[in-house]
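A quick note: this is a predicted structure, and the numbers were derived from the prediction, not measured.
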Amino acid sequence: MNQEEFITLVCKRVQEKLDQIENYKIPIGVSNRHVHLCKKDLETLFGEGYELTKKSDLKQPGQFASNELVTIRGSKGEFENVRILGPIRNKTQVEISLTDSFRLGVKAPIKESGKLEGTPGLEIIGPKGKINVDEGTIVALRHIHMTPKEARLMNVKDGDFVDVEIFGQRRAIMSKVLVRVSDSYRLEMHLDTDEANSVSIKNGDFAILKNKNSIVQ
């Protein structure tokens, strides 16, 4: 093999590696504190028959940020103007950061969304009423939404835990990131504000999946 052939081969291998890395890139979405409401609680807070109004679409299909805001209150403090995300759910859920939990005085555990058994409650105040939820306050477990096709490409499945690498001034590896797979998802990794601030990332930045078969080592 002469020098020109060698250089051509190296360039080809490098491009193949870059193409593979591109397949493992995951856009990041940073979640501020927010609330999901069931229909009964929505009507208690905003009035009988009330429906959420859309402010903007979120990246996940069918999900949106509403115009409606509430106050959440714990034993030590409160946050005003907390946005409600739609559509309505079967059970009310409040997602906060660990930093928020200290201010509120609520010992919110790190849990997967929807796994609310045994979690603490708090008070939610709207323009027409207020509710005291017995449970439903969590710090959301960091996770990645992806389609079945993307899961096959990355060699992961629903319920797996993976590592991801974050690049930039505070380069880091985040472990125990839950994989959630559905045809209704779009590829996106969700972090709360504490996690995002700790590694200086923002909405639209990217992470790289690292698993046993990842080419990023």
Side-chain angles (χ1 to χ4, degrees), residues 28-145 174 176-178 180 188-204:
I28 295 171
V30 181
S31 296
N32 200 351
R33 68 186 76 94
H34 61 271
V35 175
H36 301 277
L37 291 175
C38 68
K39 181 175 176 58
K40 178 182 177 182
D41 290 344
L42 175 65
E43 291 187 341
T44 299
L45 297 172
F46 288 88
E48 185 176 355
Y50 193 88
E51 296 185 358
L52 294 174
T53 59
K54 184 186 296 186
K55 179 178 186 291
S56 59
D57 289 312
L58 302 179
K59 187 165 184 179
Q60 296 308 309
Q63 306 294 307
F64 62 91
S66 76
N67 291 298
E68 286 72 28
L69 307 171
V70 293
T71 296
I72 57 175
R73 179 180 294 163
S75 61
K76 292 183 178 180
E78 65 181 38
F79 288 104
E80 298 179 339
N81 299 321
V82 179
R83 194 165 303 281
I84 301 170
L85 301 188
I88 60 171
R89 293 194 175 184
N90 293 327
K91 193 166 186 178
T92 291
Q93 175 175 303
V94 180
E95 296 184 32
I96 60 176
S97 68
L98 286 173
T99 299
D100 291 345
S101 73
F102 300 140
R103 177 170 167 179
L104 290 168
V106 176
K107 294 182 179 180
I110 300 172
K111 299 270 284 187
E112 181 182 352
S113 179
K115 303 292 181 66
L116 305 180
E117 184 177 356
T119 59
L122 44 61
E123 185 178 18
I124 305 176
I125 304 164
K128 296 293 182 66
K130 59 184 179 180
I131 56 175
N132 284 288
V133 293
D134 294 328
E135 62 181 15
T137 307
I138 65 169
V139 176
L141 181 67
R142 54 191 176 221
H143 57 277
I144 302 168
H145 293 283
M174 288 188 169
K176 201 177 180 182
V177 182
L178 176 66
R180 301 178 65 185
E188 186 177 37
M189 177 177 174
H190 283 176
L191 302 176
D192 67 26
T193 51
D194 281 357
E195 294 168 318
N197 289 337
S198 71
V199 290
S200 296
I201 57 177
K202 61 186 183 303
N203 281 318

Would you say the side chain of [Y] lies within less than 4.5 Å of the side chain of [X], judging by non-hydrogen atoms?
{"X": "H190", "Y": "Q60", "answer": "yes"}
{"X": "T119", "Y": "T137", "answer": "no"}
{"X": "T92", "Y": "I124", "answer": "yes"}
{"X": "E68", "Y": "T53", "answer": "yes"}
{"X": "I72", "Y": "I96", "answer": "yes"}
{"X": "E48", "Y": "K128", "answer": "no"}
{"X": "K91", "Y": "E135", "answer": "yes"}
{"X": "M174", "Y": "V199", "answer": "yes"}

Residues, nucleotides or ligands: over 12 heavy atoms within 6.0 Å of [X] [atom1]:
{"X": "N132", "atom1": "CG", "answer": "yes"}
{"X": "L69", "atom1": "CG", "answer": "yes"}
{"X": "K59", "atom1": "NZ", "answer": "yes"}

Do side-chain atoms of R83 reach the backbone of S66 as a donor and acceptor pair under 3.5 angstrom?
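Yes, R83 side chain to S66 backbone: donor-acceptor pair under 3.5 Å.
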Is the side chain of D57 donor-acceptor paired with the backbone N or O of F64 at a distance under 3.5 Å, no angle test?
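The answer is no, because no donor-acceptor pair under 3.5 Å joins these two groups.
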What pair of heavy atoms forms the shortest contact from [X] to [Y], and how long is it?
{"X": "R180", "Y": "S113", "value": "NH1-CB, 4.0 Å"}
{"X": "G105", "Y": "S75", "value": "O-OG, 3.2 Å"}
{"X": "N67", "Y": "K54", "value": "ND2-O, 3.2 Å"}
{"X": "P120", "Y": "K107", "value": "CG-O, 3.5 Å"}

Is it true that the side chains of T99 and D194 contain a donor and an acceptor less than 3.5 Å apart?
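Yes - a donor-acceptor pair under 3.5 Å links their side chains.
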Assign the ring pair H145 / H143 to parallel, tilted or perpendicular, where the plane angle (0 to 90°) is split at 30° and 60°.
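Rings of H145 and H143: perpendicular, over 60°.
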State which residue, out of V70, D41, L52, fulfils the side-chain contact (heavy atoms from CB on, under 4.5 Å) condition with F46.
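With F46 as partner, V70, D41, L52 yield a single side-chain contact (heavy atoms from CB on, under 4.5 Å), made by V70.
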Picking from T193, N197, N32, what satisfies side-chain contact (heavy atoms from CB on, under 4.5 Å) with S97?
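It is T193, the one option of T193, N197, N32 that forms the side-chain contact (heavy atoms from CB on, under 4.5 Å) with S97.
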Approximate separation, where rounding is to 0.5 Å, of L42 CG and H36 NE2
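If we round to the nearest 0.5 Å, L42:CG and H36:NE2 are 13.5 Å apart.
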For side chain to side chain contact (heavy atoms under 4.5 Å, CB included), just list the numbers for L122 and V133, CA-CA rounded to whole Å, side-chain angles, deciding distance to a tenth of an Å, and then say yes or no.
CA-CA 6 Å; L122 44 61; V133 293; 4.2 Å; yes
If the condition is side-chain contact (heavy atoms from CB on, under 4.5 Å), which residues does K115 pass it with, not counting sequence neighbours?
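side-chain contact (heavy atoms from CB on, under 4.5 Å) check on K115 returns K111, E112.
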